[in-house]
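Following: one structure in structure tokens, then a few remarks.
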Amino acid sequence: MILTLAFRNLFHDRIRLAVTLIGILFSIVLVAVQLGLYLGASKMITSNIDHANADLWITVYGAKSFEDGGMLLTSRERHQALATPGVKAVIPLIVRFAEWRKPEGGSTRVVLVGTDAEDGGLEPFDLVEGSWEDIKAPEAIAVDRTYFNELGIKGVGDTAQIANGRVRIRAVTDGVRSFTQSPYAYTTLNRARALFGDGDGTTFYLVQTVPGADVKQVQQDLVNRLEGAEVLTKEEFRDRSLKQWLFRTGAGVALIGGALLGILVGTVIVAQTLYSSTKDHLGEFATLRALGSSSGYIYKVILAQAGISAIVGYILGISIALIILVLSHNTALPMVMTPALAFWLFTLTVGMCAISALSAIMKVTKIDPAVVFNK
Amino acid sequence: MIDQPQPVLEAIDIVKELGSGAGKVRAVKGASLALVPGELTLLMGPSGSGKTTLLSILGCILSSTSGSLRVAGTETSNLDSEELADLRRKHMGFIFQSYNLFPTLTALENVRIALDVRGQKGFAASNRCEEVLRDVGLAHRLRSYPGNLSGGEQQRVAVARAIASSPSIVLADEPTAALDGENGHAVMALLARIAKEQKRSVLAVTHDPRTLSYADRVVRIEDGRIVGEERRPDGLDAPEIADLTKRRKAHG
Ligand SMILES: Nc1ncnc2c1ncn2[C@@H]1O[C@H](COP(=O)(O)OP(=O)(O)O)[C@@H](O)[C@H]1O
Ligand SMILES: [Mg+2]
């Protein structure tokens, strides 16, 4: 009967129900989009780091992110690193902004990534056409298909100019987006060096340790040996990149702020409608009390109203969020939705509705069953 | 002298002050009253005489300013609001002047919720509610909403709700005030029958003279005080007590 009464109370006033649901829906969509974009941005920022097979990253001192290294490390650092106990492999990786001249004229900036996949460091990922083997062909390069327009190309076989030389599309990735809005272009280490006219320099060294090695200890030893370079664990480098792009630039703060705003607005709307619904049904709650119901029974009715609103609002909200997710796939900032985020949003909705129920419960605590006789 | 049954409810020297400050009113000024099973008692008096206030106290909905109230052997003066609710749940059924049905629930559901707050759920509870509704003559109205029922029918749903849990005490505040003659009589007859057949104590507050003929006992209240009590002598027909009352009134 508690559920029945809660349902009837809710559906009795359709307009108020609509306001409640729109409030929850608005809130869920806003929070989902903001956090989805936050996750999307995080994924863009860290995807190369996540895909690289490295326990430790050697970077030039003060490198703030994956795109911020220059080509200042040399084979000297490589040899020093290789001489460090516990180090199994030291794999060079070049990441550097470059001018991309479109075949039809005009230019844009790309982030050229030079990597030899057979070294076991960073292998171009999410390829939908061609393979990393194809990138070894003369002039070969891989770019993401969501950037074809910006790069002024149509697909495999098209050519363009990067820095000093000509490149030809040999492989295509899908969904490897770049937070800097400069597309990633993957090629071999040596072609990257040739294009930049630097035969020895590199941006990072990816360090793989021998099995069973104490990574922290190896990190410390490397720090002691290498001057002018930093040694970061994968986690440290990830965090530093995220911090750089999401917090130094304020983008992440804006996204999280938007999410908090969504939670606040949703809570206020639901609290308001639930409170006014309770006020309207106060006479009925007083009757229930007169009939001998415990106050717990009445709280359960109010909480059930909040819970039903939460579930219906969540289903509507998450559906709309999923539509936005699909629509955002090819935009500059694709949203990400994970089961964890969906679950978290559900918990958030229920929590929000429970908090909203508090004001209604406070109101109903004060009812005097004596009013039943004076209607 | 025939054996008087033990009272299920016994109020002694009830005083109730309402309001506060300059608006303070002594609505009940020392009233004593006992209810025994099997009787329909009417509490009659002019408007503002304290009937509703006294009924609320007897029903453990209001607590008295002073005086003692025992319900089914329990002294109520030191109970908190949850314990009072517990007492209402165990021993009492209520009927209100304006029915106080839940407009969003059907007749059957309105009765079921009274059992639901008592933790009685499921098929057995549902059957019991149907049975009670059938008993008050609403077998054909189980799934109607209060808005689609006449006043008389609504009050009969309320009666069913009050008796579904088989309480020993049924308290009604002006149960016929909103009803026309025929429906008023039907509800009073129902209350009298509940008292007789099911051996409950039924107390109805009223100032409606049509109700007199159904009473076993009439208690009069004026200005917060009990001023008289008439009992229908055994064997007296219903209309006669009405005459008796009129005559006594005429004699002052
Ligand atoms: N909440 C209240 N505050 C102050 N005075 C009240 C309140 N309720 C009732 N009264 C007063 O108490 C007296 C008795 O009221 P009530 O018990 O409702 O009378 P009845 O039911 O016999 O008409 C009346 O004078 C009424 O004005
Ligand atoms: Mg009254």
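Every chain is numbered from 1 and lettered A, B, ... according to where its sequence line falls, protein lines coming before strand lines. The structure presented is a predicted model; accordingly, all values stated were derived computationally and were not measured.
Contact of the Phe94(B) side chain with the Val372(A) side chain is not registered, since no non-hydrogen atoms from C-beta on lie closer than 4.5 Å. A heavy-atom distance below 4.5 Å is found between the side chains of Thr287(A) and Phe96(B).
Residue-environment remark: NZ (Lys43(A)) stays at or below the threshold of 12 foreign heavy atoms within 6.0 Å. Applying the 6.0 Å contact sphere to NZ of Lys90(B) captures no more than 12 heavy atoms from other residues, nucleotides or ligands. Shown here is Lys279(A), whose NZ atom has no more than 12 heavy atoms of other residues, nucleotides or ligands within 6.0 Å.
Heavy atoms closer than 4.5 Å to chain A are found nowhere in Tyr99(B), neither backbone nor side chain. Proximity to chain A (any heavy atom under 4.5 Å) is shown, for Glu174(B), by neither the backbone nor the side chain. Looking at Leu62(B), the atoms closer than 4.5 Å to chain A (heavy atoms on both sides) all sit in the side chain, from C-beta outward. Contacts between Leu84(B) and chain A at a heavy-atom distance below 4.5 Å are absent for every atom of the residue.
From Arg289(A), atom CZ reaches atom CZ of Arg89(B) across 8.5 Å, with rounding to the nearest 0.5 Å.
Contacts from residues 242-259 of chain A to chain B, taken as heavy-atom pairs separated by less than 4.5 Å, involve no residues at all. Along residues 290-303 of chain A, the residues that come nearer than 4.5 angstrom to chain B, judged on non-hydrogen atoms, are Ala290(A), Leu291(A), Gly292(A), Ser293(A), Ser294(A), Ser295(A), Tyr297(A) in order of number.
Looking only at heavy-atom pairs under 4.5 Å with chain A, the residue among Gly59(B), Pro103(B), Ala114(B) that has the most is Pro103(B). Contact count against chain A (heavy-atom pairs under 4.5 Å) is highest for Asp116(B) among Val205(B), Thr52(B), Asp116(B), Leu87(B). Counting heavy-atom pairs under 4.5 Å between each of Thr53(B), Leu55(B), Ile113(B), Asp86(B) and chain A puts Ile113(B) at the top.
Among residues two or more places apart in sequence or in another chain, the side chain to side chain contact (heavy atoms under 4.5 Å, CB included) test is passed with Ser165(B) by Leu115(B), Arg118(B), Pro167(B). The side chain to side chain contact (heavy atoms under 4.5 Å, CB included) search around Val33(A) returns Val29(A), Leu37(A), Ile324(A), Met335(A), not counting sequence neighbours.
Across all their heavy atoms, Arg8(A) and Thr104(B) have their closest contact at NH1-O, 2.8 Å. When all heavy atoms of Leu105(B) and Met1(A) are compared, the pair lying nearest together is CD1-CE, 4.2 Å.
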